[in-house]
Amino acid sequence: MRSGVFADYKLFACNSHPELAQEIASIMGKPLGRATVTKFSDGEISVNIWETVRGLDVYIIQSTCNPVNDNLMELLIMIDAMKRASAGRINAVIPYYGYARQDRKAKARDPITAKLVADLLMAAGADRVVTMDLHANQIQGYFDIPVDHLLGMPIIAKYFKERHMEDLVVVSPDHGSVTRARNLAQYLNCPIAIIDKRRPEPNKSEIMNIIGNIEGKNCIIIDDMIDTAGTISNAANAIKALGAKSVRAAATHPILSGPAVERLRDCAIEELVLLNTVPLAEEKKLDKMTFLSVAPLFAEAMTRVFTNGSISVLFD
């Protein structure tokens with residue numbers, strides 16, 4: 001791994017989320033580096049870097065969201081291009097880390113794709129990863145390079161704190177999000193509730209029980225991602241039916257695939273707070289959605305990485 005003090009740094013972006021990359025660059029006061037990511041006629045990805053990166057600290061901004069395979073390959077190929085151009089250090093800035101849901105063998109003969117992607121990033125030449133709200137914290141341990149794992153919860157917590165809402169309860173939509181819910185509840189100084197569910201097959205969930213008091217309360221459901229929205233819409237409808245005064249929800253990664261938009265439109269959620277780690281098409285946006293930007297947090301983290309400053313203060 002290359003490390004040390006670098007004379008300067010440059011920012012580059014692939015094609016997954018140019019708006020976020022541009023916002024980060026604007027905050028950092030740097031233009032995005034001149035690079036093009038295109039395809040050959042047969043679909044192979046072509047990367048061209050049009051300025052020198054020799055000896056510099058390089059940051060490549062790319063969420064591995066849909067189309068996940070194209071976006072992942074773009075990132076890997078740009079990392080390889082930077083390595084072969086003698087960049088001093090290569091930092092993969094991945095606001096949304098795809099393939100993270102398969103983080104262990106849940107049953108016989110399962111792959112562990114979160115580890116596979118980590119291996120690919122290191123093999124390509126990445127020296128550091130900066131990401132946000134991994135699906136499981138242990139994914140950090142799949143890397144043999146530094147991983148700066150930023151949290152979206154403080155951004156969401158600040159938003160709700162400024163609303164000065166009363167009778168709050170933070171609801172975890174499943175057992176996997178309990179820690180996230182507890183952290184938000186601690187910030188908002190309110191109790192938590194937990195939804196006990198089972199998942200008979202991928203992208204399907206069934207509510208079994210609700211642990212905690214939500215009757216007459218303003219509930220906030222918190223999760224790391226919303227994909228098909230089955231979990232969060234079922235949770236919202238269940239707690240509303242059991243007497244919740246209002247239901248709001250928040251998530252870091254708005255994947256919103258398949259029937260997600262229809263489910264969110266028709267469910268009991270009054271307001272949905274989302275971070276912009278992945279781009280969302282205009283036709284998928286609803287009036288009940290509120291978008292908060294992660295660009296200031298990533299810009300501050302990247303600045304601290306370059307200056308060898310502390311990242312931990314950003315978790316407060």
Next item on the list: Work out which heavy atom in Ile90 is nearest to a heavy atom in Lys83; give both atom names and the distance.
Entry: CD1-N, 3.4 Å

Note to self: Assess whether a salt bridge exists between Glu215 and Lys245, defined as any Lys/Arg side-chain N lying under 4.0 Å from an Asp/Glu carboxylate O.
What the structure shows: no

Notebook entry, point to check: Strictly by modelled atom types, are His17 and Ser63 linked by a side-chain donor-acceptor pair under 3.5 Å?
Noted result: no

Check: Take atom CZ in Arg163; do more than 12 heavy atoms of anything else shown fall under 6.0 Å from it?
Finding: yes

Notebook entry, point to check: Under 3.5 Å, is there a donor-acceptor pair between the side chain of Tyr97 and the main chain of Ala114?
Noted result: yes

Next item on the list: Report yes if the side chains of Val247 and Glu270 come closer than 4.5 Å at any heavy-atom pair, otherwise no.
Entry: no

Next item on the list: Would you check if Met122 and Asp144 make a side-chain contact, meaning some heavy-atom pair closer than 4.5 Å?
Entry: yes

Next item on the list: Begin from the C-alpha positions of Lys39 and Asp70 and carry the test salt bridge (Lys or Arg N to Asp or Glu O under 4.0 Å) through to its verdict.
Entry: CA-CA 10 Å; Lys39 288 184 178 181; Asp70 283 355; 2.7 Å; yes

Margin query: Quick check on Gln186: does its CD atom have over 12 non-hydrogen neighbours (other residues, nucleotides or ligands) under 6.0 Å away?
Written below: no

Check: Does the Ser233 side chain pair with the main chain of Leu264, one donor and one acceptor, at a distance under 3.5 Å?
Finding: no

Notebook entry, point to check: Do side-chain atoms of His149 reach the backbone of Ile139 as a donor and acceptor pair under 3.5 angstrom?
Noted result: no

Checklist line | Asp287, CG atom: more than 12 neighbouring heavy atoms under 6.0 Å | finding: no

Check: Do the side-chain N and O atoms of Thr36 and Thr38 include a donor-acceptor pair separated by under 3.5 angstrom?
Finding: no

Checklist line | Glu74 versus Asn15, side-chain donor and acceptor atoms under 3.5 Å | finding: yes

Next item on the list: Taking the side chain as every heavy atom from C-beta outward, state whether Ile94 and Leu75 have any atom pair closer than 4.5 Å.
Entry: yes

Item checked: cation_pi(Lys161, Tyr187) dist<6.0 Å, angle<=45 -> yes

Check: Any idea which heavy atoms bring Val170 and Ala181 closest together, and the distance?
Finding: CG1-O, 3.5 Å

Margin query: Closer than 3.5 angstrom, by distance alone: can the side chain of Thr64 be matched with the main-chain N or O of Tyr96 as a donor-acceptor pair?
Written below: yes

Checklist line | Lys NZ or Arg CZ of Lys285 over Phe291 ring: under 6.0 Å, within 45° | finding: yes

Notebook entry, point to check: Counting distance only, does the side-chain N/O of Asn218 pair as donor-acceptor with the main-chain N or O of Leu168 below 3.5 Å?
Noted result: no

Notebook entry, point to check: Between the main-chain N or O of Trp50 and the side-chain N or O of Arg34, is there a donor-acceptor pair closer than 3.5 Å?
Noted result: yes

Note to self: I'd like to know if the side chain of Gln62 and the backbone of Asn71 have a donor-acceptor N/O pair within less than 3.5 Å.
What the structure shows: yes

Notebook entry, point to check: Got a donor-acceptor contact below 3.5 angstrom from the Lys30 side chain to the Tyr9 backbone?
Noted result: yes

Notebook entry, point to check: Is it the case that one hydrophobic cluster holds both Met225 and Val273, taking links as side-chain heavy atoms less than 4.5 Å apart, direct or via other members?
Noted result: no

Margin query: Taking the side chain as everything from C-beta on, heavy atoms only, tell me whether Ile195 gets closer than 4.5 Å to Asp174.
Written below: no

